[in-house]
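Since the structure comes first, as structure tokens, the remarks are kept for the end.
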Amino acid sequence: MTGKQTRSTARKATPAPVRPTAVQPPPGPHVAVLGAGNWGTTIAHLIASNGNAVRLWTRSSELADAIRTERVNRRYLDGFDLSEHIWPTNDLALAVRGARMIVMVIPSSGFRAVCRQLAPLVEPDQAIVHATKGLEQHTYRRMSQIVLEETCVRRYAVISGPNIAREIMEGKPSGTVVASPFPRLIERVSGLLTGPTFRVYTNDDVAGVELGGALKNIIAIGAGISAGLQLGENTRALLITRGLGEIMRLSLSFGARAETFSGLAGIGDLMVTCASEHSRNFRLGRGLAAGKDVATITAQLGMVAEGVNTVAVAHDFVREHNVYAPVIEAIHAIVHGGQHPIEAIRELMVLDARPDVDLG
Amino acid sequence: MINENDAPRIAAEVVARVYERCRARAARPGGKPLDEIINETLYHERRRLARQRGRDEERAFYSGLRHRLGRASEAETQRMLHEIITRYVEEISGHFDPNIYRVATRVMPVGVSALLTGLSPGRLLGSGLLGGGLLGGGPLPSLEQMLEIHGDVETTRRLNELGTVLYVPTHSSNLDSIILGLALYQAGLPPVTYGAGLNLFENRIIGYFMQNLGAYTVDRLKTDPLYRDALKEYSTVVLEYGRPSLFFPGGTRARAGTLETYLKKGLLGTAVAAYRNNLERNRDRRIFVVPVTLNYPLVLEAATLIDDHLQISGQSRYIIVDDEFSQLDRWVAYARGLFALDMHIYVRFGAPLDPFGNPVNEQGESLDPHGRVIDPGRYLMDEGAIVDDETRDAEYTRMLARGVVRSFFANNIACATHVVSFAMLHALYERERPSHLYRFLRSLGPETSLPVDQLLATLQRLLDELGALADDGGIQLGRVVSSRRAEDVLNHAIRRLQTYHTRPVIERRGDRLHVGDANLLLFYRNRLEGYGLLDAPTLVRQRQEAP
């Protein structure tokens, strides 16, 4: 702990309001939130706003210190005062030991690595909830499967839905879905998150909720392309609807249930991602429409859009399992095959017409 | 195994628990009233009896029940419910006879050898051999020579001292119960309480032995939820009493010859239930689940099983009573084959699991995926206290089932007959490249043949893949297969595949191999289904445990 102390006093660039810097966390039961990006910070804030002690873990000691002293996450969620009940730390053991619940909000590419770090620290009576929308490359694993493979934890849940962090922080009415095969856990997660402007709905179809969240990112890239090419609202509706059909066909072969996709984690999330011009995937699509390549856009965004990874995973799966998914394949050809969007759309438009609704 | 003192105590305990649970549920708001439970029993049982012949005593019991129910007082309804539960539990726990039991436990291994060498129990018992030379290792050829026991027997033995072991084997033949009993005896492991299908008890060849060996009956035709409750409670109490037990988690014999990819969760869930009950009484007596794989180079009932599998789905029979298992001449033929060809039956004890599907070390401690010791009791806790939660435990049982299925695949022992059948069918498939799989399978017959060289090439590829898979611990190889020499494996398998079955499965004529019995070829080939070997297509659509 002393190391952290010296570091935080050593580099204090901006003068922060003077507050007692707690190096030891406050005593009593707590919830751990792992990942202090905009969504992780928002979840921590929601839980803390309900009067629960939250330990917010981030790999970066600078960020932890900054949040602790400023009560603001300037890097990912600037402009919002965070609850006093949030205690940030870069010490994973301190965050998770004894936690009533562990919420993981880690990008899918680093998810397994964090689970491995977590493995020696967690116990069988703890629960892990994750809010990561993505699939693991090559293995097609969902995040909850990685939790089970890497840790002794058996009680797990997923949070997913149309959740733009900033809107939630602004107190605009929003809702999300918590899915788990463990009803008592769903109840507890729901109790921690529910607030005056945030509603929590429940589902036991974990696979469906995870896949809805992961696969919609692909369609969001398509929406960005469509907007970039100024193709209009009909095109967007065509894309979203046909895209949802593909998401469902793919997900059913992963064991998901069709009904789930009529809910917040399905069509709900898809609508928000395809409408929101600020999402990374949407901006990626816009860039592609303007003729830029993925590397250039990624450099400009400053981060990787989850959809880039997800479309590669989905494409492999579609090929391997012979699922009819031309939109996903077209977006894959644009993102990873360098095909020009107009060319890809032209190819899509000449395919044989299929039944409007077909889940087979 | 249950001893003579336990049996009545266990039965009484089960009846009391099931009865009390019904009453507690009925007392809850919205709970099912007792007369409704009885009506449900009547519905299920009368439906079952409508499809079965005989059983007059049962019919009389249920029609009597129906008459009484109409004008029953509360007290009378309670009595009736108690009667039903007692009846179920008595059937499950069997007609336990301590005297016969004592003889049978001593006689079992010898009796089994005798059976397999073609002696009927009647002749065996009438022969007067039981008391004499036989027990001292008399004139019969010994089955022990045919049994090969693999896996970590030492750990399994230790775990029997540290806690209660539940064996969950693969199921391919009615011989399994007998072979397992013998394997445990031979490995020096304590005898177990069996859950075995009612049909086995009614079988005229081995029913006698099943009756009195501390086995309990599982009647898979009984769909009444109350019966299932009683059955699960029975298994739970047996485990709680610290008696090692055994049941087949796949339910029935694998019709298609495959490994089980989906398990029944009812009985399997009694592992976590028993552990929880123990913990609630502050007894940290652990339950260890040991998956066991059984592999026969030839299966006694193969012909009936595969025919049943190939019936249009939905029409296949869940319970078969008139198969080779009840035909003495098939037993004799089978036993002759076993002895004549020095065939080996493989029994392999897989690595133990806890009721949550975690691996367990030699000290009986549960391990996390990276080998760290964890306290499994904490899976049942919420904020420091043990909590009853059926939904949670059902999910744990699904996780256990996944672990057991994984173990089945990793501990499956590939015999030459499996490997050669797989290669033969695949070589034919590659030659034809059929667009319709089932039409292709139906087209195979004695006129279908392959040059030996062509088969050897496919076989060698398969052996190489199997070798690599085995090196990674993904499968086990039988003695001859592990030589990885295609020619040896082929010759070995052909001799066996021409032996016991009425028609040879594969026949060698000159330098060509002919399909003798396409169904059996499929049956033996299917033991290697699900590994993705040779990128072969899936030929059996099976329900899978969710990943």
Side-chain angles (χ1 to χ4, degrees), chain A residues 28-31 98-101 112 115-128 135-136 139-142 144-157 179-188 202 204-208 210-211 252-257 320-322, chain B residues 261-262 265 269 271-272 275-276 279 284 286 353-361 365-403 406 532 535 537-538 541 543-547:
Chain A
H30 72 280
V31 174
R100 296 158 61 198
M101 190 181 299
R112 190 180 288 274
C115 281
R116 285 192 181 147
Q117 276 178 273
L118 214 50
L121 306 171
V122 290
E123 297 296 339
D125 51 355
Q126 288 180 306
I128 292 182
L135 289 171
E136 189 172 48
T139 66
Y140 312 138
R141 289 284 194 282
R142 294 180 275 111
S144 62
Q145 292 174 308
I146 299 176
V147 168
L148 295 179
E149 281 174 8
E150 296 290 344
T151 76
C152 68
V153 172
R154 289 286 175 273
R155 280 174 272 186
Y156 64 91
S180 172
F182 299 96
R184 285 174 66 96
L185 179 58
I186 292 183
E187 219 170 280
R188 281 168 56 197
T202 64
D204 62 359
D205 177 15
V206 175
E210 286 186 304
L211 291 165
L252 295 185
S253 55
F254 268 103
R257 282 202 311 264
E320 204 170 297
H321 293 79
N322 226 347
Chain B
T261 55
Y262 184 83
K265 308 297 183 305
V272 66
Y275 180 52
R276 191 193 58 225
L279 279 183
D284 188 0
R286 301 229 168 143
L353 302 168
D354 71 10
F356 312 93
N358 295 299
V360 169
N361 66 14
E365 295 163 321
S366 295
L367 304 175
D368 86 347
H370 303 279
R372 178 174 64 109
V373 173
I374 52 170
D375 173 6
R378 291 174 73 165
Y379 283 118
L380 303 168
M381 290 185 182
D382 246 347
E383 320 209 315
I386 305 269
V387 174
D388 262 357
D389 182 345
E390 276 183 33
T391 323
R392 173 199 65 197
D393 293 351
E395 187 61 24
Y396 286 152
T397 300
R398 276 190 277 279
M399 295 175 180
L400 170 61
R402 266 172 251 165
R406 271 198 298 272
D535 285 323
T538 303
R541 227 175 265 180
R543 191 166 175 192
Q544 311 272 337
E545 289 295 336

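In what follows, chains are A, B, ... by sequence order, proteins preceding strands, each numbered from 1. A quick note: this is a predicted structure, and the numbers were derived from the prediction, not measured. What you see below is based on every heavy atom in this structure, not just the backbone, and it leaves out hydrogens, waters and symmetry mates.
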> Measuring heavy-atom distances to chain B, does A/Glu150 have an atom under 4.5 Å in its side chain, in its backbone, in both, or in neither?
Replying inline: both

> Are side-chain N/O atoms of B/Asn358 and B/Tyr379 paired as donor and acceptor at under 3.5 Å?
Replying inline: yes

> With only heavy atoms counted, which part of A/Glu149 is less than 4.5 Å from chain B, the side chain, the backbone, both or neither?
Replying inline: backbone

>> Whether B/Lys265 and B/Glu545 form a salt bridge (side-chain N of Lys/Arg under 4.0 Å from carboxylate O of Asp/Glu) is what I want to check.
In response: yes

> A/Ser180 versus chain B, heavy atoms under 4.5 Å apart: side chain, backbone, both or neither?
Replying inline: neither

> Taking everything shown except B/Glu390 itself, do over 12 heavy atoms lie less than 6.0 Å from its CD?
Replying inline: no

> Which bit of A/Leu185 comes within less than 4.5 Å of chain B, counting heavy atoms only: side chain, backbone, both or neither?
Replying inline: neither

> In terms of heavy-atom proximity below 4.5 Å to chain B, should A/Tyr156 be classed as side chain, backbone, both, or neither?
Replying inline: side chain

> Of the backbone (N, CA, C, O) and the side chain (C-beta and beyond), which part of A/Arg142 lies under 4.5 Å from a heavy atom of chain B, both, or neither?
Replying inline: side chain

> Taking the side chain as C-beta and beyond, is there a heavy-atom pair between A/Arg100 and A/Arg188 under 4.5 Å?
Replying inline: yes

> For B/Arg276, what residues pass the salt bridge (Lys or Arg N to Asp or Glu O under 4.0 Å) criterion, not counting sequence neighbours?
Replying inline: B/Asp388, B/Asp393

> Checking side chain to side chain contact (heavy atoms under 4.5 Å, CB included) for the pair A/Leu135/A/Tyr140: CA distance, chi angles, key distance, verdict?
Replying inline: CA-CA 6 Å; A/Leu135 289 171; A/Tyr140 312 138; 5.7 Å; no

> Which one, B/Met381, B/His370, B/Arg392, leads in non-hydrogen pairs under 4.5 Å with chain A?
Replying inline: B/His370

> B/Glu383 versus chain A, heavy atoms under 4.5 Å apart: side chain, backbone, both or neither?
Replying inline: side chain

>> Heavy-atom pairs under 4.5 Å with chain B: which of A/Pro29, A/Ala127, A/Ala207, A/Pro120 has the most?
In response: A/Pro120

> A/Glu187: what forms a salt bridge (Lys or Arg N to Asp or Glu O under 4.0 Å) with it, not counting sequence neighbours?
Replying inline: none

> Measuring heavy-atom distances to chain A, does B/Asp375 have an atom under 4.5 Å in its side chain, in its backbone, in both, or in neither?
Replying inline: backbone

> Heavy atoms, side chains only, cut-off 4.5 Å: are A/Arg155 and A/Asp125 in contact?
Replying inline: yes

> Given that the side chain runs from C-beta out, which part of A/Arg154 has a heavy atom under 4.5 Å from chain B: side chain, backbone, both or neither?
Replying inline: both

>> Please identify, among A/Gly255, A/Cys152, A/Pro181, the residue contributing the most non-hydrogen atom pairs under 4.5 Å to chain B.
In response: A/Cys152

